[in-house]
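Computed over heavy atoms, backbone and side chain alike; hydrogens, waters and symmetry mates excluded. Note that the structure is a prediction, hence the values are computed from the model and not measured.
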Amino acid sequence: MAIQKPSIPKGTRDFSPKEMEGRNFIFDIIRNVFKKYGFLPIETPAMENLSTLMGKYGEEGDKLLFKILNSGNYLAKLNTSGISEMPLGSVTQQIAKRGLRYDLTVPFARFVVQHRNEINFPFKRYQIQPVWRADNPQKGRYREFFQCDADMIGSNSLINEFELIKVIDEVFEDFSLPVIIKINNRKVLAGISEIIGESEKIVDITVAIDKLDKIGIKRVLEELSAKGISDQSIKMLQPVFEMKGNNDEKLKFLEDYLSGSEIGMEGVSELRKVFSLISIDPIASELELDITLARGLNYYTGAIIEVKAKDVSIGSLCGGGRYDDLTGIFGLPDVSGVGISFGADRIYDVLLQTDKFPDDEKQHTQVLFVNFGDREVNYILPLLGKLRKEGINSELYPDSVKMKKQMGYADNSNIPYVAIIGEHEIQISEITLKNMKSGDQQTVSFEEMLALLKG
RNA sequence: GUGGAUGUAGCUCAGCUUGGUUAGAGCACCGGAUUGUGGUUCCGGGGGUCGUGGGUUCAAGUCCCAUCUUCCACCCCA
């Protein structure tokens, strides 16, 4: 049999022990903050029925779904006549009825509807699981990545938006990572579209506006024009592009600009409410009203939130917003939800780049016992047991090989102490303890060693 | 899905322009100097179907085509 080169699929990654340490650090912080705010954990399957996923993420999203081939002889059931002329979607439906989850929000909506009679509303849940997208990989962009979601469902109160912003603030404070939290409201965007008389083009308009700081005003105007927005409407957008000032000034401007749009005014008043709640209990991060913030997802209906690292250029680290009727499509109408999603993989990349991971040496093995042979091992095993009972992470080298090798193992593993117990030590009931950092070694009793390792 | 770059030892890369001995370096690994002492030093060693497949040629790591990977931009997004 030919030897095959080991490989993993495009856009996926292995995680080494070192990397897992950093990832667990991230998950632990996020999980703890979620818990602190009263969110409860759930998990859902890696795969969902394709009918649950299709059509929820727009046309683009459907293309990025990983579909799972049916098991059994699925081709036998397939009507192949004229297959090349059939639309791809209809063929897919015949050979794949399941797909890998694309995010955690839609499976959550499905979960809520399916378990509505067991759930205590308003329901606050958190979920930390991988998701899969058949996207083209790039930096900070993978085909398998972890999302850490917190959503509240069944409450219209803007206190929820406020709490989520607090969660974001607290998480990034725990990472000591300076971020800027951007907030917008879909209703404000709808209002703007209404004012310029292009209500039905809201998606094209917001997508174009979203690129403002990336491609500049000139090309945004070109794109709007290309999408069939009239020159007159574009002219009316001008003041929006030129909007300046702090959050308060921006709100004042929008109030004025949107006074003719009911939905627009509603958006402004929602934003005002969130800002006023924050002013009562301020956050450490910068909070900025950014009307260019659009988010592609079509299910947001109210607040839109995005978090960017201040010093590192990578996509957003966290995104979220309010969706008024996500569960409607599964048969539970009029339930409003609001949620956020942290991108653990991007946070990892940023923390690594800015050197923000703590070196937590206490987590590792504290002491390694050198193995000289059976007699010594029999003497060491009870001591090892006692140490572990005391909560000291400790190891015995499994093979009785050359000491150089055993010392090298301790060195490579960054184990701070090596305990040497040979014939001589057994005779005098002492332990030779070597400090690997300083190179010093001393002869101590077991109790002395324990005290040293505990301190 | 579109466009550009990339791939040589476990890792980081040189060699490719102008085809021609046995494809190199550093780091890592293994052994010895040092049989109860690592990290430093010295000496020695193993490791490559040059991403894969095809083509041109007397001869291909080097030129051509295809394909895949990774990276970058677009699209979209965590």
Side-chain angles (χ1 to χ4, degrees), chain A residues 2-13 16 26 30 57-65 88 101-105 128-149 168 203 207-208 210-211 214-215 219 223 293-298 300 305-309 313-320 339-350 368-373 376 397 400-426 432-441 443:
Chain A
I3 292 169
Q4 59 179 32
K5 220 175 190 176
S7 66
I8 55 175
K10 186 181 189 161
T12 64
R13 296 150 298 156
S16 65
I26 291 168
I30 293 175
Y57 309 104
E59 213 175 302
E60 201 64 33
D62 283 352
K63 277 191 232 160
L64 299 179
L65 282 171
L88 191 61
R101 76 165 97 80
Y102 179 89
D103 72 355
L104 301 178
T105 309
I128 298 176
Q129 288 190 276
V131 302
W132 295 269
R133 296 182 188 178
D135 208 348
N136 233 332
Q138 265 180 48
K139 190 165 221 88
R141 195 153 171 183
Y142 309 99
R143 286 189 157 184
E144 179 186 62
F145 60 98
F146 272 74
Q147 288 196 328
C148 313
D149 276 35
I168 292 170
V203 172
V207 165
D210 188 39
K211 296 176 189 162
K214 210 170 174 184
I215 64 176
R219 285 178 58 198
E223 186 164 330
L293 178 60
R295 308 271 76 207
L297 291 180
N298 17 24
Y300 290 138
I305 300 166
E306 182 173 85
V307 181
K308 293 219 154 175
S313 166
I314 192 165
S316 62
L317 301 178
C318 176
I340 50 169
S341 176
F342 291 89
D345 306 80
R346 282 187 182 170
I347 292 173
Y348 179 90
D349 291 348
V350 171
L368 173 82
F369 285 86
V370 172
N371 184 332
F372 281 121
E376 286 83 356
Y397 197 89
S400 172
V401 294
K402 260 184 280 192
M403 203 165 161
K404 182 183 164 77
K405 180 134 180 118
Q406 303 192 36
M407 297 296 285
Y409 172 82
D411 192 42
N412 280 331
S413 313
N414 283 317
I415 298 174
Y417 288 98
V418 171
I420 301 164
I421 299 177
E423 225 173 295
H424 175 66
E425 283 83 359
I426 292 177
T432 299
L433 192 63
K434 174 158 181 152
N435 180 326
M436 293 298 277
K437 267 205 194 97
S438 62
D440 300 338
Q441 64 185 47
T443 306

Rounding to an integer number of Å, can you tell me how far [X] [atom1] sits from [N] [atom2]?
| X | N | atom1 | atom2 | value |
| --- | --- | --- | --- | --- |
| A/Asn136 | B/rU69 | CG | C1' | 12 Å |
| A/Asp62 | B/rC75 | CG | C1' | 16 Å |
| A/Tyr300 | B/rC76 | OH | P | 16 Å |
| A/Arg143 | B/rC76 | CZ | C1' | 14 Å |
| A/Asp349 | B/rC71 | CG | C1' | 14 Å |
| A/Ile168 | B/rA78 | CD1 | P | 13 Å |
| A/Asp135 | B/rC72 | CG | P | 13 Å |
| A/Asn412 | B/rU37 | CG | C1' | 15 Å |

When only distance counts, do a donor and an acceptor, one from the side chain of [X] and one from the base of [N], lie under 3.5 Å apart?
| X | N | value |
| --- | --- | --- |
| A/Arg141 | B/rC72 | no |
| A/Asp411 | B/rG38 | yes |
| A/Glu423 | B/rG36 | no |

Nucleotide of [options] approaching [X] most closely (side-chain heavy atoms):
| X | options | result |
| --- | --- | --- |
| A/Pro137 | B/rC77, B/rU37, B/rC71 | B/rC71 |
| A/Lys10 | B/rU69, B/rA78, B/rG36 | B/rU69 |
| A/Gln138 | B/rG38, B/rU37, B/rC74 | B/rC74 |

Base, sugar-phosphate or nothing for [X]? Non-hydrogen atoms, less than 4.0 Å.
| X | value |
| --- | --- |
| A/Gly11 | sugar-phosphate |
| A/Gly439 | base |
| A/Glu425 | base |

Nearest-angstrom distance, [atom1] atom, [N] to [M]:
| N | M | atom1 | value |
| --- | --- | --- | --- |
| B/rC58 | B/rG3 | C1' | 40 Å |
| B/rC63 | B/rG7 | P | 11 Å |
| B/rG54 | B/rC71 | P | 28 Å |
| B/rG45 | B/rC68 | P | 43 Å |
| B/rG51 | B/rU6 | C1' | 11 Å |
| B/rA60 | B/rC16 | C1' | 10 Å |
| B/rU56 | B/rC64 | P | 15 Å |
| B/rA9 | B/rU49 | P | 8 Å |

Could you check which nucleotide pairs with [N] in any of the strands shown, counting Watson-Crick or G-U wobble with both distances under 3.5 Å?
| N | result |
| --- | --- |
| B/rU49 | none |
| B/rC63 | B/rG55 |
| B/rU2 | B/rA73 |

A/Ile421 and A/Ile426, any side-chain heavy atoms less than 4.5 Å apart |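 Side chain of A/Ile426 against side chain of A/Ile421, heavy atoms only: contact under 4.5 Å found.
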Answer yes or no: is there a side-chain heavy-atom contact under 4.5 Å between A/Asp345 and A/Arg13?
->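 The answer is yes; the side chains approach within 4.5 Å.
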By nearest-nucleotide position on RNA chain B, the 5'-leaning member of A/Thr12 and A/Met436 is A/Met436
So which one's nearest nucleotide on RNA chain B is more toward 5', A/Ile8 or A/Tyr409?
->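 Checking each residue's closest nucleotide, the 5'-ward one belongs to A/Tyr409.
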Can you list the steps and then say if A/Ile415 with A/Met436 is a side-chain contact (heavy atoms from CB on, under 4.5 Å)?
-> CA-CA 7 Å; A/Ile415 298 174; A/Met436 293 298 277; 5.9 Å; no
Could you list by number each residue of residues 401-408 of chain A showing a heavy-atom separation from RNA chain B of less than 4.0 Å, or answer none if no residue does?
->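 Within this stretch, A/Lys402, A/Met403, A/Lys404, A/Lys405, A/Met407, A/Gly408 sit under 4.0 Å of the strand.
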Ignoring hydrogens and geometry, is there a side-chain-to-backbone donor-acceptor pair from A/Arg133 to A/Leu65 under 3.5 Å?
->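 It does not hold such a pair.
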Report yes or no: does A/Gln406 contribute a side-chain atom to a donor-acceptor pair with the main-chain N or O of A/Asn371 at less than 3.5 Å?
->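 Checking the backbone N and O of A/Asn371 against the side chain of A/Gln406, a donor-acceptor pair under 3.5 Å is found.
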Give a yes/no verdict on base stacking between B/rA78 and A/Phe145: centres under 5.5 Å, planes within less than 30° of parallel.
->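 Yes; by the centre-distance and plane-angle rule, A/Phe145 counts as stacking on B/rA78.
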Let me see the working for A/Lys405 and A/Tyr397 under side-chain contact (heavy atoms from CB on, under 4.5 Å), right down to the final yes or no.
-> CA-CA 10 Å; A/Lys405 180 134 180 118; A/Tyr397 197 89; 3.9 Å; yes
For A/Glu425 and A/Thr432, does a side-chain donor sit closer than 3.5 Å to a side-chain acceptor?
-> yes
Count the heavy atoms of every other residue, nucleotide or ligand shown that sit under 6.0 Å from CZ of A/Arg219, and state whether that count exceeds 12.
->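 Not more than 12 within 6.0 Å, no.
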Think A/Lys211 has a side-chain N or O under 4.0 angstrom from the OP1 or OP2 of B/rC75?
-> yes
A/Asp349: side chain to side chain donor-acceptor pair (under 3.5 Å) partners, not counting sequence neighbours =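 A/Asp349 satisfies side chain to side chain donor-acceptor pair (under 3.5 Å) with A/Tyr142 once adjacent residues are dropped.
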What class does the angle between the rings of A/Tyr57 and A/Tyr102 fall in, given that below 30° is parallel, 30 to 60° is tilted and above 60° is perpendicular?
->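 Judged by the thresholds at 30° and 60°, the geometry between A/Tyr57 and A/Tyr102 is tilted.
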